2 protein chains.
Amino acid sequence: MNDAREVVVLRYGHRPGRDDRMTTHVGLTARALGADRLILPDNAGQSAETVRDITGRFGGPFAVELRGDQKAVVKNFEGVVVHLTMYGERVQDVEAEVREAVGLDEPEVIGEASPPRDLLVVVGGEKVPWALYERADFNVGVTNQPHSEVAGLAVFLDRLFEGAELDREWENADRRVVPEATGKTVVDAEGESDDGDAGENTGRD
Amino acid sequence: MNDAREVVVLRYGHRPGRDDRMTTHVGLTARALGADRLILPDNAGQSAETVRDITGRFGGPFAVELRGDQKAVVKNFEGVVVHLTMYGERVQDVEAEVREAVGLDEPEVIGEASPPRDLLVVVGGEKVPWALYERADFNVGVTNQPHSEVAGLAVFLDRLFEGAELDREWENADRRVVPEATGKTVVDAEGESDDGDAGENTGRD
């Protein structure tokens, strides 16, 4: 979402079949809420395809990678590592510290913000190894209640970017949804500058 | 979460088998992020059981209902209806209006906040009927991008309550997770007042 730093979401572990939809939702949430890149286990090819397909239609940039060496990716990541877990510190207590660590603190004051650093957000799937808790710069709990890795990722990203991700503009999209009070309108994004009214209203179906 | 108003999450549509985990995650997210009650379609009994089980162990209050008449529930709801959809108005544009509609605006100023009203948050599963778009007081998009109903619900609730849901206290819990920088500690919630250190540290597994 920003040239200065890369925010990467890594899904740790995936059971083909059983986890397909959850992993796909993790990936689509990462894309929609401001991450720049997604790393999935190499057995999650179907989820990767779905996320790439959505990116092709609704825009990017957003990269999707399949990697077999997730432990190594986490261990060797050059930047800040956040691990989302219900056992972690409360997001409301550490979010400012995370923003400062990656240079997202007061970015509007030139010269006063911390330097930008890349951020890896690890979302657990299968049971994660203890080494991940130790490697993480921050173990963060979006509540300390059992709920959903998708929900945890969504709230974390929204708080990380302080809502700025919602105003993101998308490049190379084929289509764009027009937000409206009552309706389902999708327009051709490529032709927008020439013909903004060329809407395909899919309502009442 | 609050005696003055009830926030209810309704999952619209459910395909047994295929949707089990997504519906369960919708329910657990509703509970963890401040809703008071969950309404599931009557064919989602397995998800209802899981959410009730978590509530029994980690606390409440949080009610779970199975209903066969979802259309009627939405139509006859006495309060404000929000429908989460990627075609809706941008959450950042309407969230203040939603809060005002249910009396969550500036609640700290006695006498100045709007009166509390109940809120029904509808989360689409299967394709929702057009009538729902028309019945909803607000059709709200957490981004106008395709991603996850779980992520949309999570961000919506976090913004609705402005983070207050993260400080919620749980009643009648058997156990409680202790937030910490590196660890996996669960304590007996019932015995906490007598013996706060009786922790069951489950780390390194």
Side-chain angles (χ1 to χ4, degrees), chain A residues 18-19 21-22 24-26 28-29 31-33 54 57-59 85-93 127 130 133-134 136 138-139 141-155 158-159 163 165-168 170 176-186 202-205, chain B residues 18-19 21-22 24-26 28-29 31-33 54 57-59 85-93 127 130 133-134 136 138-139 141-155 158-159 163 165-168 170 176-186 202-205:
Chain A
R18 179 168 159 76
D19 288 341
R21 282 183 83 199
M22 294 313 305
T24 299
H25 282 227
V26 165
L28 293 176
T29 297
R31 172 187 170 275
L33 295 179
I54 292 290
R57 289 192 282 153
F58 288 88
T85 162
M86 68 179 277
Y87 300 101
E89 293 183 278
R90 310 189 320 160
V91 64
Q92 64 269 43
D93 294 340
K127 208 161 197 178
W130 181 250
Y133 287 82
E134 293 182 321
F138 299 93
N139 288 288
V142 174
T143 81
N144 297 100
Q145 298 291 318
H147 56 104
S148 170
E149 60 267 42
V150 176
L153 176 64
V155 169
D158 189 39
R159 286 172 168 256
E165 83 287 355
L166 300 177
D167 296 318
R168 170 178 183 169
W170 299 91
R176 186 173 68 81
V177 169
V178 179
E180 58 191 350
T182 312
K184 295 169 72 173
T185 303
V186 184
T202 63
R204 294 180 190 276
D205 59 351
Chain B
R18 180 168 158 76
D19 288 341
R21 280 182 85 196
M22 294 312 304
T24 299
H25 282 226
V26 165
L28 293 177
T29 298
R31 172 187 170 277
L33 295 178
I54 292 290
R57 289 191 282 152
F58 288 89
T85 162
M86 67 179 277
Y87 300 101
E89 295 181 279
R90 308 189 320 158
V91 64
Q92 64 269 44
D93 294 340
K127 210 161 196 179
W130 180 251
Y133 286 82
E134 294 183 321
F138 299 92
N139 288 288
V142 175
T143 80
N144 297 101
Q145 297 292 319
H147 55 104
S148 170
E149 60 268 41
V150 175
L153 176 64
V155 170
D158 189 38
R159 287 172 168 255
E165 84 284 357
L166 300 178
D167 295 319
R168 170 179 181 167
W170 299 92
R176 187 174 69 82
V177 169
V178 178
E180 58 191 349
T182 312
K184 296 169 72 173
T185 303
V186 183
T202 63
R204 293 179 190 274
D205 58 352

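To find a chain, count down the sequence lines: A is the first, B the second, and so on, and within it residues start at 1. Please read these numbers as outputs of a predicted model, since none were measured by experiment. Any value given below was found using the heavy atoms of this structure, including those in side chains, with hydrogens, waters and symmetry copies removed.
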Which atoms of B:Ile54 approach chain A - backbone, side chain, both or neither, heavy atom under 4.5 Å
side chain
Among all residues two or more places apart in sequence or in another chain, which pass the side chain to side chain contact (heavy atoms under 4.5 Å, CB included) test with A:Gln145?
A:Thr143, B:Arg31, B:Ala32, B:Phe58, B:Trp170
To the nearest 0.5 Å, how far apart are OG1 in B:Thr185 and CD in B:Glu180?
3.5 Å
Under 4.5 Å from any heavy atom of chain B, what part of A:Leu153 do you find: side chain, backbone, both or neither?
neither
B:Ser148: which residues meet the side chain to side chain contact (heavy atoms under 4.5 Å, CB included) condition with it, sequence neighbours left out?
A:His25, A:Thr29, A:Val150, B:Met22, B:Val150, B:Ala151
For A:Arg159, is it the side chain, the backbone, both or neither that has a heavy atom under 4.5 Å from a heavy atom of chain B?
side chain
Most heavy-atom pairs under 4.5 angstrom with chain A, which of B:Pro146, B:Gly59, B:Gly141?
B:Pro146
Mind ranking A:Val155, A:Asp93, A:Leu166 by heavy-atom pairs under 4.5 Å with chain B and telling me who comes out on top?
A:Leu166
Given 3.5 Å as the limit, does a donor-acceptor pair link the side chain of B:Asn139 with the main chain of B:Tyr133, or not?
yes
Do the side chains of A:Asp158 and A:Glu165 get nearer than 4.5 Å, heavy atoms only?
yes
Of the backbone (N, CA, C, O) and the side chain (C-beta and beyond), which part of A:Asp167 lies under 4.5 Å from a heavy atom of chain B, both, or neither?
both
Can you say whether A:Val26 sits under 4.5 Å from chain B via the side chain, the backbone, both, or neither, judging by heavy atoms?
neither
Closest non-hydrogen atom pair between A:Val142 and A:Gly152, with its separation
CG2-O, 3.5 Å
